[in-house]
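Some notes on the structure that comes next.
Computed from a predicted structure; not experimentally measured.
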Amino acid sequence: MAVDGTGARDLAAQLSIAISPELLELALTHRSFAYENGGVAHNERLEFLGDSILGQAVTVMLYTENPTLDEGELAKRRASLVSSAALAEIARSIGLGKHIRLGRGEELTGGRDKSSILADTVEAVIGAAYLDAGGEAATAFVLRLVQPLLDDPERFGASMDPKTSLQELAATLGRGLPSYLVTDSGPDHSKRFRAVVLLGDEEISSGEGTSKKQAEMAAALEAWTVLQVPATRT
């Protein structure tokens with residue numbers, strides 16, 4: 001779905017951040033769209049910038065608000081909040097997927113809900129926020145995005161260690177131990193990994209990432225989310 005000026009302005013208003021429609025459209029342009037449309041600009045440079053802004057904002061917040069935590073615990077919490085699994089969850093919560101400009105191939109293979117694409121796009125939007133709104137506004141934007149995870153200790157714990165959280169929840173539900181089926185694609189210098197979570201013979205969820213560990217974590221968090229719904233009704 002291409003984002004026109006009105007759509008970009010509406011999204012910026014929803015996110016409560018001042019980003020020009022042109023720059024926001026760039027932040028939402030995946031490389032697959034660029035390649036299929038004559039090599040137009042895509043969002044990977046903004047993603048690179050946004051990754052840095054995200055890391056700094058989260059690091060300062062955790063350091064300031066948790067004076068009793070040691071370096072190891074701070075590092076674990078930061079890794080959780082900036083992980084692809086957490087960013088994809090944030091993207092889904094704000095409906096970002098429907099705004100991303102994707103190539104036909106990615107569109108047909110469910111790209112709008114791929115954790116890797118969603119996470120990368122969140123970082124690109126953060127980079128755009130920094131360029132247009134400035135560092136202070138971009139930092140505030142980042143903290144608004146991650147706050148829902150911090151407000152939900154159970155969710156935050158699952159995001160910090162999704163594989164352990166999934167294992168514990170599956171045991172509570174009497175579902176046994178989860179297993180992971182991991183496949184990879186792409187050239188050696190740019191591999192993508194896809195992990196599927198299985199409970200017995202049942203496929204529960206899948207996740208993607210640039211490493212086997214990242215893909216398994218994304219799949220585990222998604223499986224935890226799926227199983228958590230019926231668990232809360234018991």
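- No more than 12 heavy atoms of other residues, nucleotides or ligands shown are found within 6.0 angstrom of CZ on R104.
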Step-by-step side chain to side chain donor-acceptor pair (under 3.5 Å) determination, D151 to Q147: CA-CA 6 Å; D151 288 342; Q147 192 62 47; 2.8 Å; yes

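- The closest side-chain heavy-atom distance from V125 to L11 is not below 4.5 Å.
- Hydrophobic clustering, with ILVMFWY side chains joined whenever heavy atoms are under 4.5 angstrom apart, keeps V196 apart from F193.
- Considering only heavy atoms from C-beta on, L28 comes within 4.5 Å of T121 through its side chain.
- Inter-residue side-chain proximity for I117 and L102 is flagged as met; some heavy-atom pair is nearer than 4.5 Å.
- Between the CG atom in D184 and the OG1 atom in T210 there is a gap of 12.5 Å [rounded to 0.5 Å].
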*Step-by-step side chain to side chain donor-acceptor pair (under 3.5 Å) determination, T59 to R78*: CA-CA 6 Å; T59 299; R78 177 179 62 191; 3.2 Å; yes

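- When the side chains of ILVMFWY residues are joined at heavy-atom separations under 4.5 Å, either directly or via intervening members, L173 and V197 end up in a single hydrophobic cluster.
- The environment of NZ in K213 is sparse: at most 12 heavy-atom neighbours from other residues, nucleotides or ligands sit within 6.0 Å.
- No donor-acceptor distance shorter than 3.5 angstrom exists from the side chain of E73 to the backbone of L69, with no hydrogens or angles considered.
- Between the side chain of R175 and the main chain of G200, no donor-acceptor pair closer than 3.5 Å is present.
- Annotation: side chain of V142 is in contact with side chain of I126 (closest heavy-atom distance under 4.5 Å).
- Side-chain contact between L198 and Y180: absent, with no pair of heavy atoms (C-beta onward) separated by less than 4.5 Å.
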- Query: S116 and R192: side chain to side chain donor-acceptor pair (under 3.5 Å), yes or no, with the steps?
  - Reply: CA-CA 9 Å; S116 56; R192 301 293 307 181; 2.8 Å; yes

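- When E44, H42, E36 are each tested for a side chain to side chain donor-acceptor pair (under 3.5 Å) with R31, only one passes: E44.
- Note that the OG1 atom of T29 and the CG atom of N37 stand 9.0 Å from one another [nearest 0.5 Å].
- Residues M61 and L150 form a side-chain contact, since some pair of their non-hydrogen atoms from C-beta on lies under 4.5 Å apart.
- Between atom OG1 of residue T225 and atom CG of residue L166 there is a gap of 9.5 Å, rounded to the nearest 0.5 Å.
- Between R194 and S206 the shortest side-chain heavy-atom distance falls below 4.5 Å.
- Heavy atoms of other residues, nucleotides or ligands lying less than 6.0 angstrom from CD of E203 number more than 12.
- Ionic pairing of D113 and R92 is present here: one or more N-O contacts between side-chain nitrogen and carboxylate oxygen are shorter than 4.0 angstrom.
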request  = Please test I100 against F33 for side chain to side chain contact (heavy atoms under 4.5 Å, CB included), starting from the C-alpha separation and ending with a verdict.
outcome  = CA-CA 9 Å; I100 301 174; F33 181 93; over 6 Å; no

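- Once rounded to the nearest 0.5 Å, the distance linking CD1 of I53 with CZ of F48 reads 10.0 Å.
- Annotation: the span from L49 atom CG to N43 atom CG amounts to 12.0 Å, rounded to 0.5 Å.
- Results of the side-chain contact (heavy atoms from CB on, under 4.5 Å) test with V58 over L145, V82, T139 single out V82 as the only residue that passes.
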Verify side chain to side chain contact (heavy atoms under 4.5 Å, CB included) between R77 and N66, making sure each step is shown before the conclusion. CA-CA 11 Å; R77 295 193 179 199; N66 299 278; 3.9 Å; yes

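- Both V226 and L199 belong to a common hydrophobic cluster when Ile, Leu, Val, Met, Phe, Trp and Tyr are linked at side-chain heavy-atom distances under 4.5 angstrom.
- In the hydrophobic clustering of this structure, Y35 does not group with L46; members are Ile, Leu, Val, Met, Phe, Trp, Tyr whose side-chain heavy atoms approach within less than 4.5 Å, directly or through other members.
- Taking the side chain as every heavy atom from C-beta outward, L54 and V122 never approach each other to under 4.5 Å.
- At a threshold of 4.5 Å between side-chain heavy atoms, the hydrophobic network of Ile, Leu, Val, Met, Phe, Trp and Tyr places I94 and L143 in one connected group.
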